[in-house]
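The next block holds one structure in the form of structure tokens; read it before the comments.
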Amino acid sequence: MSYPVELLTLFPGMVSGYLGASILGKAQEKGLISVTLTDVRDFAEGKHRVTDDAPYGGGAGMVMKPEPLVAAIEAARARLPGAKALLMSPRGPTFTQATARELARHEAGLILVCGRYEGVDERVMPFLDGELSLGDFVLTGGEVAAMAVVDAVARLVPGVLGNEASSVAESFEEGLLEHPHYTRPPVFRGAEVPAVLQSGDHARIARWRRWKAIKLTQERRPDLFARLEFSKADQKLLAREEEAL
């Protein structure tokens, strides 16, 4: 069964290349996910297909009009009944790996609305299931954020990644940052691949990777580290020096 995604945007050309390439493109070829790009302008009336207007009360910029956007949302819902419809917006809850897992489990699919200009007419909100933010910063439009969401969710759809263990071992899946990676050559400009990774001792390699993940999280994301609950084995591992692993 294909996981369906529809993006509502004023600029479908901005996202078509990215969503059609690499892993996402192959996943669509295999029928594992389906991505539809819908131009909101197609739902605007009049000769000039106007989708924005000046804000009531004054102020800088323009606001996306409710009529074409709601019509586009309703059309998408008719195509994807039961799909979760979300507006990419800085005032929504922050998108996390846990959010990606939740959305990936929602088999009815996903409708992402890409805002533009100063924002979206507030009267559009009752036609959505919520809002979603990529973080505490402002983008020119919702397209970049929507691509990030589709990418993160699609990776969790069964079969999309060649090795299903890849998504399990990645950063944030257990609340930890991921361990460092190395490949050939064994020495690059004087920097060597850690000997443990060349040892062939898989138990030792697993301990080293776990230790590194814990240490990196402690050093770089103390906010994540503070929320973790470690097993006794992890507590013992954390107390050891790298050379003793």
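Start at 1 with the first residue, then count along the sequence.
- For Ala146 against Cys114, the heavy-atom pair with the smallest separation is CB-SG, 3.8 Å.
- Residue His48 places its NE2 atom among 12 or fewer non-hydrogen atoms of other residues, nucleotides or ligands, all under 6.0 Å distant.
- Heavy-atom minimum distance, Arg155 versus Val160: CA-CG1, 4.2 Å.
- The nearest pair of heavy atoms linking Pro55 to Ala60 is CG-O, 4.4 Å.
- Separation of atoms CE (Met14) and CG (Leu37) is listed at 12.0 Å; rounding is to 0.5 Å.
- Scored by the side chain to side chain contact (heavy atoms under 4.5 Å, CB included) test, Ser2 finds Ser34 as partners (sequence neighbours excluded).
- Cation-pi geometry between Arg41 and Phe11 is satisfied (NZ or CZ under 6.0 Å from the ring centre, within 45° of the ring normal).
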Derivation of the side-chain contact (heavy atoms from CB on, under 4.5 Å) call for Asp121 and Met64: CA-CA 6 Å; Asp121 190 299; Met64 290 187 72; over 6 Å; no

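- Cluster membership check: Leu69 shares its hydrophobic cluster with Met125, using side-chain heavy-atom separations under 4.5 Å among Ile, Leu, Val, Met, Phe, Trp and Tyr.
- Two residues are said to be in side-chain contact when any heavy atoms from C-beta on lie closer than 4.5 Å; Leu132 and Val149 meet this criterion.
- Here the CZ atom belonging to Phe95 is positioned 7.5 Å from the CG atom belonging to Leu134, to the nearest 0.5 angstrom.
- Among all heavy-atom pairs drawn from Thr94 and Thr99, the shortest one is O-OG1, 3.9 Å.
- Annotation: Asp136, atom CG; neighbour count of heavy atoms from other residues, nucleotides and ligands within 6.0 Å does not exceed 12.
- Between Arg116 and Glu143 a salt bridge is recorded (basic side-chain N to carboxylate O distance below 4.0 Å).
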Steps toward side-chain hydrogen bond (donor to acceptor under 3.5 Å, both in side chains) verdict (Thr36, Glu6): CA-CA 5 Å; Thr36 301; Glu6 183 160 353; 5.0 Å; no

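- Other residues, nucleotides and ligands contribute at most 12 non-hydrogen atoms within 6.0 Å of the CD atom of Glu45.
- Using modelled atom types, one side-chain atom of Arg49 and one backbone atom of Ala44 make a donor-acceptor pair closer than 3.5 Å.
- Thr51 has its side chain out of reach of Lys65: every pair of non-hydrogen atoms, C-beta onward, lies at least 4.5 Å apart.
- The number of heavy-atom neighbours closer than 6.0 Å to CD of Gln235, taken from other residues, nucleotides and ligands shown, is above 12.
- The number of heavy atoms from other shown groups lying within 6.0 Å of CZ (Arg79) is above 12.
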CA sep, side-chain torsions, deciding dist, call: Phe230, Phe225, ring pair (Phe, Tyr, Trp, His ring centres under 6.0 Å): CA-CA 10 Å; Phe230 292 111; Phe225 187 83; 5.3 Å; yes

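- Side-chain atoms of Asp129 come within 3.5 Å of backbone N or O of Ala85 as a donor-acceptor pair.
- For the atom pair CG (Asp201) and CH2 (Trp208), the distance works out to 14.0 Å, reported to the nearest 0.5 Å.
- A distance of 10.0 Å separates CG in Leu8 from CG in Leu87, rounded to the nearest 0.5 Å.
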Step-by-step side-chain contact (heavy atoms from CB on, under 4.5 Å) determination, Leu24 to Ile33: CA-CA 8 Å; Leu24 294 178; Ile33 64 171; 4.1 Å; yes

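- In the hydrophobic clustering of ILVMFWY residues, with side-chain heavy atoms under 4.5 Å counting as a link, Phe188 and Val193 come out apart.
- Considering all non-hydrogen atoms of both residues, Leu112 and Met88 come closest at CD2-SD, 4.1 Å.
- Within the 4.5 Å cutoff, the side chain of Lys84 has heavy atoms near those of the Leu103 side chain.
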CA sep, side-chain torsions, deciding dist, call: Val40, Thr9, side-chain contact (heavy atoms from CB on, under 4.5 Å): CA-CA 6 Å; Val40 176; Thr9 172; 5.7 Å; no

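- The side-chain contact (heavy atoms from CB on, under 4.5 Å) with Ile111 is formed by just one residue from the set Leu7, Leu80, Ile73; it is Leu80.
- At least one side-chain heavy atom of Val150 sits less than 4.5 Å from a side-chain heavy atom of Leu19.
- In summary, Arg210 and Asp234 engage in a salt bridge, as defined by a charged side-chain N under 4.0 Å from a carboxylate O.
- From Leu32, atom CG reaches atom CE of Met1 across 12.5 Å, with rounding to the nearest 0.5 Å.
- Arg105 places none of its side-chain heavy atoms less than 4.5 Å from the side chain of Leu156.
- Residues Glu131 and Ser89 come closest through the heavy atom pair OE1-OG, 2.9 Å.
- Note on Ile205: it clusters hydrophobically with Tyr182, by side-chain heavy-atom contacts below 4.5 Å among ILVMFWY residues.
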Stepwise side-chain contact (heavy atoms from CB on, under 4.5 Å) check, Leu224 with Gln218: CA-CA 8 Å; Leu224 292 178; Gln218 184 181 33; over 6 Å; no

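- Counted within 6.0 Å of CZ on Phe137, heavy atoms from surrounding residues, nucleotides or ligands total more than 12; the atom is thus considered enclosed.
- A distance of 12.0 Å separates NZ of Lys212 from OG1 of Thr217, quoted to the nearest 0.5 Å.
- You'll find the side chain of Tyr3 stays beyond 4.5 Å of the side chain of Glu107, heavy atoms only.
- Under the 4.5 Å side-chain contact rule for hydrophobic residues, Val124 and Phe43 do not share a cluster.
- Using a 4.0 Å cut-off between charged nitrogen and carboxylate oxygen, Glu178 and Arg221 do not count as a salt-bridge pair.
- Under a hydrophobic-cluster definition in which Ile, Leu, Val, Met, Phe, Trp and Tyr are linked whenever side-chain heavy atoms come within less than 4.5 Å, directly or via other members, Leu176 and Leu216 are assigned to different clusters.
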